[in-house]
There are 2 protein chains.
Amino acid sequence: MAFNRGLQERGVKMVLDAQYGKVLNENEGPTRTVSTTEALRSGILAGDFKPGERMLEVNLSERLGVSRTPIREALKLLAGEGLLDHTPNRGYYVREYSTEDIVQAYEIRAALEGLAARRAAQLGMEQAERAIIERALSDGQKLLNSDDFSSMDRSLYGQINSAFHSAIHSASRSRMLRDHLRQSQQIAPSSHRNVVAFEHDDVKRRLADHYRIYEAILCRDGGRAELLMRGHVESVKISLLRTISRQA
Amino acid sequence: MAFNRGLQERGVKMVLDAQYGKVLNENEGPTRTVSTTEALRSGILAGDFKPGERMLEVNLSERLGVSRTPIREALKLLAGEGLLDHTPNRGYYVREYSTEDIVQAYEIRAALEGLAARRAAQLGMEQAERAIIERALSDGQKLLNSDDFSSMDRSLYGQINSAFHSAIHSASRSRMLRDHLRQSQQIAPSSHRNVVAFEHDDVKRRLADHYRIYEAILCRDGGRAELLMRGHVESVKISLLRTISRQA
DNA sequence: TCAACCAATAATGTATGCATCTTAAAGAGA
DNA sequence: TCTCTTTAAGATGCATACATTATTGGTTGA
């Protein structure tokens with residue numbers, strides 16, 4: 001549990017501050033509620049809290065070194081975002097996602113990413129956004145060409161992939177669309193189920209998708225960009241289903 | 001302001017309860033936070049709170065007759081849902097939607113409703129859901145055939161339309177999809193901008209859409225159902241754009 | 001006259017005590 | 001032994017006092 005380190009000793013720090021002045025810890029948010037919310041959110045997404053696990057206020061309050069108030073506020077916010085389930089008088093639980101739920105999340109995301117790609121094509125991308133995409137494409141190519149591909153870190157590919165998609169989200173120029181996209185991806189990677197295939201061929205195919213999508217966007221062909229993007233994300237869904245059925 | 005009636009005198013009621021036993025007011029939620037949240041949400045959606053308006057805790061606290069605590073929890077939840085914007089130390093504001101935002105909301109909703117229709121077709125609808133749809137279709141027909149159509153209440157058509165779509169949402173059997181759909185529709189009908197055309201021809205065309213969509217769902221033709229539904233919602237967007245440009 | 005500063009006011013953030021509810025374990029009765 | 005009560009412990013709900021942070025209006029100085 002790394003997420004509680006930052007807040008744990010805040011009480012002590014504040015006493016020190018009162019004694020020696022300044023030196024407020026920078027990496028914390030402006031308020032306890034904000035930093036608590038961030039700590040809990042990333043903790044949930046990182047899997048530090050298991051799906052279905054109960055979020056006890058006093059427990060969290062002690063672990064994070066704050067009173068129950070900011071904890072309660074953070075829990076309410078995360079419940080509003082859909083990360084937690086709440087039953088009155090019975091507390092908060094980490095939302096559980098079935099395999100079916102995760103597949104559906106990909107379907108929703110596919111539709112939304114398609115929309116984003118269409119808007120990016122219609123509105124055009126800024127120079128900075130294009131640079132990010134081109135960087136992601138060339139880095140992806142390098143990754144594919146590397147001699148010991150199989151030993152590569154999955155997280156590297158994840159970062160490259162994420163950069164590509166984020167740039168398009170940003171280019172959609174729509175806060176609402178970005179919010180929906182973020183929410184459709186806010187699912188804890190449940191142990192085995194949410195793991196995307198990482199064979200050389202899979203990555204190669206997805207990178208080719210990225211090239212074609214970017215091309216369509218540059219050509220300002222919104223319809224084609226949407227179609228390609230939707231198919232791209234759906235293909236991840238398919239490969240996920242394949243992995244699952246193979247496990248069974 | 002009708003929304004504060006229910007809570008206003010709770011303090012008094014509780015004293016009465018202590019004196020005479022039970023008689024807890026039924027129409028209130030299980031907790032103050034829940035009923036406060038509902039009151040504020042419907043108040044925002046009904047336009048009792050204007051976009052951009054500040055939500056002052058003490059103010060609301062007095063109007064609803066509860067302490068600041070449940071108010072703050074409700075505000076946090078609604079902020080998580082995207083109805084309010086929050087800046088630390090500076091309070092909550094009713095989220096504002098530009099005309100562009102509203103148009104985008106329809107685009108997003110179109111994509112999501114399309115997905116829902118596809119799933120409804122693929123999974124099949126239950127008897128109860130089919131009954132609701134058929135009722136909505138025949139009621140819509142009656143509305144169209146009525147002699148003095150122009151004098152009809154818009155809200156009646158709104159209810160019929162809402163019943164049709166809700167049944168399909170329900171048939172999609174996906175909590176996540178339902179959540180996204182709800183969120184994409186949680187926009188206060190900003191005075192003039194978000195008003196959908198209500199001419200006889202418009203309603204006639206939309207009802208015809210509904211018939212075709214239902215047909216596709218009954219035929220289990222998911223692709224067609226999605227295409228039709230998406231076009232259906234997009235057509236509302238178009239007519240909205242038409243109305244706006246006419247005003248300008 | 002204007003700008004910067006300062007104080008007073010008001011609003012939000014946080015902690016805490018008490019009330020209420022849930023739950024589970026212990027106990028009584030059949 | 002089983003079931004239904006009862007009760008006690010633990011957890012959430014709510015109110016309130018206090019701390020901290022914005023904001024506003026006025027004052028001082030140039």
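Chain identifiers are assigned alphabetically (A, B, ...) following the order of the sequence lines, protein sequences preceding nucleic acid strands; residue numbering begins at 1 within each chain. Below, each value reflects all heavy atoms present in this structure, side chains not excepted, and no hydrogens, waters or symmetry copies. On a predicted model such as this, the values are computed, not experimentally measured, just so you know.
- The shortest distance between the side-chain N/O atoms of Arg54(B) and the OP1/OP2 oxygens of dA11(C) is not below 4.0 Å.
- In this structure, Arg90(A) and Arg68(B) both approach DNA chain D, and ranking their closest nucleotides by distance from the 5' end singles out Arg90(A).
- Phosphate contact (OP1/OP2 of dT12(D), side-chain N/O of Thr31(B), threshold under 4.0 Å): absent.
- Map Ser67(A) and Asn89(A) each onto its nearest nucleotide of DNA chain C; the residue landing nearer the 5' end is Ser67(A).
- Atom CG of Leu83(A) is separated from atom CG of Leu45(A) by 5.5 Å, given to the nearest 0.5 angstrom.
- What separates CD of Glu57(B) from C1' of dC14(D) is a distance of 14 Å, to the nearest Å.
- At a threshold of 4.0 Å, the pair Arg63(A)-Asp48(A) does not count as salt-bridged, since none of the basic side-chain nitrogens sits closer than that to a carboxylate oxygen.
- Distances from the side chain of Arg32(B) to the nucleotides dC14(D), dT14(C), dA11(D) place dC14(D) closest.
- Between the CG atom in Leu112(A) and the CD atom in Gln183(A) there is a gap of 10.5 Å [rounded to 0.5 Å].
- Atoms CG (Asp85(B)) and C1' (dT12(C)) sit 17 Å apart, rounded to a whole Å.
- In the helix from dT1(C)-dA30(D) to dA30(C)-dT1(D), the end axes, each obtained as the rotation axis mapping the C1' atoms of four pairs onto the next four within a five-pair block, lie 0° apart to the nearest 10 degrees.
- Remark: Arg95(A) does not engage Asp101(A) in a salt bridge, criterion side-chain N to carboxylate O under 4.0 Å.
- If you measure from atom CE of Met55(A) to atom C1' of dT12(D), you get 15 Å, rounded to the nearest angstrom.
- Within residues 69-84 of chain B, the residues that place at least one heavy atom under 4.0 Å from DNA chain C are, in residue-number order, Arg72(B).
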> When you look at Arg90(A) and Asp85(A), which way does the salt bridge (charged side-chain N to carboxylate O under 4.0 Å, His left out) test go after all the steps?
Replying inline: CA-CA 10 Å; Arg90(A) 294 176 60 181; Asp85(A) 282 324; over 6 Å; no
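- We find that Arg230(B) and Glu226(A) are joined by a salt bridge, their nearest charged nitrogen and carboxylate oxygen being less than 4.0 Å apart.
- In the displayed structure, Arg135(B) atom CZ is contacted under 6.0 Å by at most 12 heavy atoms of other residues, nucleotides or ligands.
- The separation between Leu60(B) atom CG and dA11(C) atom P is 12 Å, rounded to whole Å.
- Looking only at atom types and distance, the side chain of Gln127(B) has a donor-acceptor partner in the side chain of Arg130(B) under 3.5 Å away.
- Residue His86(B) places none of its side-chain N or O atoms closer than 4.0 Å to OP1 or OP2 of dA11(C).
- With rounding to whole Å, Leu64(B) atom CG is found 13 Å from dC14(D) atom P.
- Two residues are said to be in side-chain contact when any heavy atoms from C-beta on lie closer than 4.5 Å; Arg173(B) and Glu126(B) meet this criterion.
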